[in-house]
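Inspection log for the structure reproduced underneath, given as structure tokens.
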Amino acid sequence: MPSRFSTGRFTSTGPRHNAYEAVNALFDNAADRLNMDPQLRSILKTPFREVTVAVPVRMDSGKIHVYAGYRVQHNGARGPWKGGIRYHPEVDLDEVRALASLMTWKTALLDVPFGGAKGGVSCDPMNMSQIELERLTRKFTARISIVLGPQRDVPAPDMGTDGKVMSWMMDEYSSRRGYAPAVVTGKPLSLGGSKGRLAATGRGVVTIADSYYSAIGESIKGKTCAVQGYGNVGSFTAKFWSERGGKVVAITDVKGGVYNKAGLDIAALEKFFAEKRTVAGFPGAEPMNNQDLFGLEVDCLIPAALGDVITSSNANNIKAKLVVEGANHPTQPDADEDLHERGIVVIPDILANAGGVTVSYFEWTQNLTSFYWDEDKVNKELEIKMRRAFLDVHELARKEKCSYRTAAFMLAIRRVAEAEEQRGN
Ligand code: NAD
């Protein structure tokens, strides 16, 4: 499987904008349609708790570097806060706030009993040794552990972190509070991880695309797609798309990309990647860059790398009829409107990439009960939850004559608002 630490330095391809403001604008748009009372609106928009910590790490050189770490707990009305930890040079408080808010709406939309949170450390994991990463993770965990816990706040992997990082977090937390596998999800199987978790987000992305095609009387079979990113989400998305009889014609990663009109041989690409740690240079394919990938004549475009990659400058070049957001917040608001006006269907991140948090919920449940499921059960339950969420969104979008994104936010906000009101103030 692709390693999450081996794909090179990340650089955003879109102009930097305030993701938190953009997510709040999506919230306001849906809250307007729900005629939401201004007081409830401000409760739901404001993060419950924001923790910023200094993370001093002794580097292999012997020098100490102080990193900035964040954990934002956005809303916990429906259950413990839940959300990934990102290690990336561009992590800042506003980005973490935006991603925490998206987690609130994602968990509500999938109807898993969690709130929304996100965390991150502004660092470059590509240029750190394993031991530096371990020291960083342990120090960060120690400093935020006061707000974590299986019934309080449960982190998971995100960009730049993986099962190994979750193992260190679990160990650090458990050494203070006693053995607590349910304090993080996305762990290796040997530490109480769930079967099916690694592939869950990509599996969910393809299940959602398939649900959309079923709803319009079509199927993935024979459909072409282009995927940006070949990390956890992108690699499994490509695999399941081709397993369902679709053709993955292009993939890019941070080091380059590949294109083959007849469809890439995904099984061979997996082997190539395992050795080279990039898709660039894969034999039997032409080179491809991000700009060209976004403009390809494909049935479906799947951004599965960075945020803010579909912008007002490249949206008008997109020719795909369907965009399925594997990444978090890949589409800037202006671009989203542009795509909507051009009749390009966008399936939003909070629905499309929710497979990961759904299986994280299964993992947490298994940890709390100490009773472990086989992979078939995990995949079946995931499929049921994803298809149900898609149909809820699809029906509301039809009824309201609005985009899938607006419908998804409306459904999610309604659920959180109800819980918030019932808990009282
Ligand atoms: P990852 O670290 O495993 O992979 C990221 C991929 O993006 C790599 O292939 C990398 O090479 C590529 N990339 C980086 N910069 C790029 C560039 N400029 N051009 C093209 N490709 C580039 O990360 P991941 O876990 O796969 O997450 C990807 C996205 O999906 C993120 O937005 C993340 O928040 C979101 N997401 C992940 C999960 C999950 O379970 N892992 C769940 C929900 C959402």
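Please read all numbers here as calculations on a predicted model, not as lab measurements. Side chains included, hydrogens not; waters and symmetry mates left out as well; all remaining heavy atoms used. Numbering of ligands and ligand atoms starts at 1, following listing order.
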Quiz item: Looking at ligand 1, does G307 have a heavy atom less than 4.0 Å from it?
Solution: no

Exercise. Output yes when K139 and E172 qualify as a salt bridge under the 4.0 Å nitrogen-oxygen rule, no when they do not.
Key: no

Exercise. Please name all residues satisfying ring-ring contact (aromatic ring centres under 6.0 Å, His included) with Y213, sequence neighbours left out, ordered by chain then number.
Key: none

Quiz item: So is there a nitrogen or oxygen of K106 less than 3.5 Å from a nitrogen or oxygen in ligand 1?
Solution: no

Quiz item: Nearest to atom 17 (C) of ligand 1 by heavy atom, L198, V233, I251, L306: which?
Solution: L306

Quiz prompt | Identity of the nearest option to atom 9 (O) of ligand 1, non-hydrogen atoms only, from F236, F273, Y87, Y230 | solution = Y230

Quiz prompt | Heavy-atom nearest option to atom 41 (N) of ligand 1, drawn from D308, L293, N232 | solution = N232

Quiz item: Do R405 and E325 meet the salt-bridge criterion of a basic N to acidic O distance under 4.0 Å?
Solution: yes

Practice problem: Would you mind finding which of G355, P125, A305 brings a heavy atom closest to atom 31 (C) of ligand 1? | Solution: A305

Quiz item: Does ligand 1 have an atom that lies less than 4.0 angstrom from a heavy atom of K255?
Solution: no

Quiz prompt | Within-shell test, M103 vs ligand 1, heavy atom, strictly < 4.0 Å | solution = no

Quiz item: Below 3.5 angstrom, do we get any N/O pair linking T201 and ligand 1?
Solution: yes

Exercise. Return yes when G326 approaches ligand 1 closer than 4.0 angstrom through a heavy atom, no otherwise.
Key: yes

Practice problem: Verify, without hydrogens or angle tests, whether R203 (side chain) and L198 (backbone) share a donor-acceptor contact under 3.5 angstrom. | Solution: no

Quiz item: Hey, is D171 close enough to R138 for a salt bridge, meaning N to O under 4.0 Å?
Solution: yes

Exercise. Tell me, please, which residues at least two apart from F282 pass ring-ring contact (aromatic ring centres under 6.0 Å, His included).
Key: F272

